[in-house]
Amino acid sequence: MTYKCIDITDALPIIEKEVIVVDIRDAVSYQTSHMQDAINLNNDNVEAFINNSDKATPVIVCCYHGNSSKGAAEYLAAQGFADVYSLNGGFSQWSAMYPEQCEFGA
Ligand SMILES: O=S(=O)([O-])[S-]
């Protein structure tokens, strides 16, 4: 199993359906702002995430610019997730294009 890279505009219709969005950026960046409903995935929670998530639900992996999300997407695909996407352009591009699809923290 492998993952696919997906452009921001192609990700939008997927986001609007049932999907799990994982954000692999550092915790402070995540808390400041993230894609709507995104989970901050890190070394501490990745195992629980893998064990507790429905592997048939599509997963979109978001990082800063779309580079490190590829490795994470590949890893999740190898763990059995059937439909994994790495978001090209990452959160920087997503937040520039779709600020209304972001949540902003403290
Ligand atoms: O998050 S990043 O690897 O695209 S800089």
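Heavy atoms only: backbone and side chains are in, while hydrogens, waters and symmetry mates are out. Computed from a prediction, not measured in an experiment: that's the story for all the values here. Atoms within a ligand are numbered from 1 in the order they appear, just like the ligands themselves.
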May I have the step-by-step check of side chain to side chain contact (heavy atoms under 4.5 Å, CB included) for L76 and V22, ending in yes or no?
CA-CA 11 Å; L76 292 176; V22 300; 4.2 Å; yes
Protein N/O near ligand 1 N/O, under 3.5 Å, which pairs?
residue: ligand 1; atom: 1 (O); partner: Y64; partner atom: N; Å: 3.1
residue: ligand 1; atom: 1 (O); partner: S68; partner atom: OG; Å: 3.1
residue: ligand 1; atom: 3 (O); partner: S68; partner atom: N; Å: 2.9
residue: ligand 1; atom: 3 (O); partner: S68; partner atom: OG; Å: 3.0
residue: ligand 1; atom: 4 (O); partner: H65; partner atom: N; Å: 3.0
residue: ligand 1; atom: 4 (O); partner: G66; partner atom: N; Å: 3.1
residue: ligand 1; atom: 4 (O); partner: N67; partner atom: N; Å: 2.8
residue: ligand 1; atom: 4 (O); partner: N67; partner atom: ND2; Å: 3.4

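Minimum interatomic distance between R25 and F91 (heavy atoms only, all atoms of both residues): NH1-CD2, 3.3 Å. For the pair C5 and N88, the tightest heavy-atom approach, listed with the atom from each and the gap, is CB-OD1, 3.5 Å. Contact detail for V46 and L41: the closest heavy-atom pair is CA-CD1, 4.0 Å.
For the atom pair CD1 (I20) and CZ (F49), the distance works out to 4.5 Å, reported to the nearest 0.5 Å.
More than 12 heavy atoms of other residues, nucleotides or ligands lie within 6.0 Å of CD in E16, so this atom counts as buried by the packing criterion.
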